[in-house]
Asks: 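Structure below; questions to follow.
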Amino acid sequence: MASRAPVATGRLMLGFRKWYYNLCGFNKLGLLYEDTLYEDADVKEALRRLPENVSNDRTFRIKRALDLSMKQQILPKDQWTKYEEDFNYLTPYLKEVIRERKEREEWMKK
């Protein structure tokens, strides 16, 4: 019985994550999680480094979401971003930017 507990806990956490993802509402506008990040200096630099097609896709999603928001509408349910479809397109670039910034800060201390 003890071996089943981690599996049940994992399923419970996944269910909670999906519930919270849908509760946030950005998916109803067709946005991905990383489209909603606050754009501090690190995020802005990571966005600058995105490949053009990924950047264009992000811009399209944000413009569509703004348009829907102004009209006080949401997408039809079959067009909502699903939890399983969301992916981290910005994370690799953001990690690199943060690593470089920390490296620079360490260098400046010397």
Side-chain angles (χ1 to χ4, degrees):
M1 178 124 169
S3 63
R4 295 187 63 142
V7 173
T9 303
R11 275 191 297 216
L12 181 65
M13 286 305 296
L14 179 61
F16 178 75
R17 281 192 210 110
K18 287 181 178 182
W19 171 80
Y20 186 73
Y21 184 87
N22 287 317
L23 182 70
C24 289
F26 58 82
N27 64 318
K28 296 173 185 166
L29 300 172
L31 293 172
L32 300 175
Y33 168 73
E34 290 190 347
D35 295 337
T36 66
L37 293 178
Y38 175 74
E39 291 187 20
D40 62 12
D42 291 339
V43 172
K44 285 180 183 177
E45 177 59 24
L47 289 170
R48 191 186 67 72
R49 296 180 184 192
L50 284 175
E52 185 177 1
N53 63 323
V54 176
S55 181
N56 289 343
D57 290 348
R58 178 180 190 274
T59 300
F60 171 79
R61 288 190 303 271
I62 291 173
K63 284 183 177 182
R64 178 179 58 187
L66 288 171
D67 183 54
L68 287 166
S69 182
M70 286 186 349
K71 295 176 182 176
Q72 296 184 351
Q73 297 176 347
I74 60 173
L75 290 171
K77 191 163 185 165
D78 64 329
Q79 294 180 29
W80 292 4
T81 306
K82 294 169 190 59
Y83 177 82
E84 296 81 9
E85 296 171 350
D86 202 326
F87 63 100
N88 297 330
Y89 66 90
L90 191 61
T91 298
Y93 299 95
L94 188 55
K95 283 182 178 178
E96 182 180 342
V97 167
I98 291 169
R99 181 187 56 75
E100 289 172 1
R101 178 178 48 79
K102 287 181 179 180
E103 201 173 279
R104 244 186 339 273
E105 288 170 355
E106 284 300 313
W107 179 256
M108 297 304 278
K109 286 181 184 177
K110 295 180 180 181

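Nothing here was measured: the structure is a model prediction, and the numbers come from that model.
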Asks: Flag the pair Trp80 / Lys77 as yes when at least one side-chain heavy-atom distance between them is below 4.5 Å, and no otherwise.
Replies: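 Heavy-atom side-chain distance check passes, below 4.5 Å.
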
Asks: With hydrophobic residues grouped by side-chain heavy-atom distances under 4.5 Å, do Val54 and Val97 end up in a single group?
Replies: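 The answer is no; the residues belong to distinct hydrophobic clusters.
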
Asks: Are Leu50 and Leu47 close enough that some pair of their side-chain heavy atoms sits under 4.5 Å apart?
Replies: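 They are in side-chain contact.
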
Asks: For the atom pair CD (Glu52) and CG (Asp57), what is the distance rounded to the nearest 0.5 Å?
Replies: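 One gets 10.5 Å once the value is rounded to the nearest 0.5 Å.
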
Asks: Looking at Lys95, I'd like to know if its NZ atom is crowded, meaning that more than 12 non-hydrogen atoms belonging to other residues, nucleotides or ligands lie closer than 6.0 Å.
Replies: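 Not buried by this count: 12 neighbours or fewer within 6.0 Å.
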
Asks: How long is the straight-line distance from CZ of Arg104 back to CE of Met108, given to the nearest 0.5 Å?
Replies: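 Answer rounded to 0.5 Å: 9.5 Å.
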
Asks: Once you round to the nearest 0.5 Å, how far does CG of Leu14 lie from OH of Tyr83?
Replies: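 Here the rounded value is 5.5 Å.
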
Asks: Apply the hydrophobic cluster definition, ILVMFWY joined by side-chain contacts under 4.5 Å directly or through others, and give me every member besides Tyr20.
Replies: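 Taking Ile, Leu, Val, Met, Phe, Trp and Tyr as members, Tyr20 shares its hydrophobic cluster with Phe16, Trp19, Leu23.
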
Asks: Considering non-hydrogen atoms only, spot the tightest contact between Ala65 and Leu29 and give its length.
Replies: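 Looks like CB-CB, 3.8 Å.
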
Asks: Minimum heavy-atom separation for Pro51 to Tyr93, with atom names?
Replies: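 It is CD-OH, 3.2 Å.
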
Asks: Who passes side chain to side chain donor-acceptor pair (under 3.5 Å) against Glu45, sequence neighbours left out?
Replies: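 In terms of side chain to side chain donor-acceptor pair (under 3.5 Å), with neighbours along the sequence ignored, Glu45 is linked to Arg48, Arg49.
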
Asks: So Leu75 and Arg64, side-chain contact (heavy atoms from CB on, under 4.5 Å) or not? Walk me through it.
Replies: CA-CA 10 Å; Leu75 290 171; Arg64 178 179 58 187; 4.1 Å; yes

Asks: Looking at Glu105 and Arg101, does any basic side-chain N land under 4.0 Å from a carboxylate oxygen?
Replies: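 Salt bridge between Glu105 and Arg101, a charged N being under 4.0 Å from a carboxylate O: yes.
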
Asks: Dump the intermediate steps for salt bridge (charged side-chain N to carboxylate O under 4.0 Å, His left out) on Asp67 and Lys71, then the final yes or no.
Replies: CA-CA 6 Å; Asp67 183 54; Lys71 295 176 182 176; 3.1 Å; yes

Asks: Could you check whether Arg61 makes a cation-pi contact with Tyr89, meaning its NZ or CZ is under 6.0 Å from the centre of the six-membered ring and within 45° of the ring axis?
Replies: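 Yes, Arg61 sits over the ring of Tyr89.
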
Asks: For side-chain contact (heavy atoms from CB on, under 4.5 Å), just list the numbers for Leu94 and Val43, CA-CA rounded to whole Å, side-chain angles, deciding distance to a tenth of an Å, and then say yes or no.
Replies: CA-CA 6 Å; Leu94 188 55; Val43 172; 4.0 Å; yes

Asks: Do Thr81 side-chain atoms and Leu32 backbone N/O form a donor-acceptor pair below 3.5 Å?
Replies: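 Flag not set: sc Thr81 to bb Leu32 has no pair under 3.5 Å.
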
Asks: Between Arg99 and Glu103, is the salt bridge (charged side-chain N to carboxylate O under 4.0 Å, His left out) condition met? List the steps.
Replies: CA-CA 6 Å; Arg99 181 187 56 75; Glu103 201 173 279; 3.3 Å; yes

Asks: Check whether more than 12 heavy atoms from other residues, nucleotides or ligands sit under 6.0 Å from atom OH of Tyr33, and answer yes or no.
Replies: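 Not more than 12 within 6.0 Å, no.
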
Asks: Is the side chain of Asp42 donor-acceptor paired with the backbone N or O of Ile98 at a distance under 3.5 Å, no angle test?
Replies: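 Not confirmed, Asp42 side chain does not pair with Ile98 backbone.
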
Asks: With hydrophobic residues grouped by side-chain heavy-atom distances under 4.5 Å, do Phe60 and Leu66 end up in a single group?
Replies: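 As far as the 4.5 Å side-chain criterion goes, Leu66 and Phe60 are not connected within one cluster.
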
Asks: Measure across Glu39 and Lys44 and return the closest heavy-atom pair with its distance rounded to 0.1 Å.
Replies: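 The answer is O-CE, 3.2 Å.
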
Asks: Do Leu31 and Ile62 have side chains that get closer than 4.5 Å, going by heavy atoms?
Replies: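 Result yes, sub-4.5 Å side-chain heavy-atom pair found.
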
Asks: Measure the CD-CG distance between Glu34 and Leu90 for me, rounded to the nearest 0.5 Å.
Replies: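 Rounded to the nearest 0.5 Å, the CD-CG separation comes to 5.0 Å.
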
Asks: Is there a side-chain contact between Tyr21 and Asp86 in this structure, where contact means two heavy atoms from C-beta onward sitting under 4.5 Å apart?
Replies: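 A side-chain contact under 4.5 Å exists here.
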
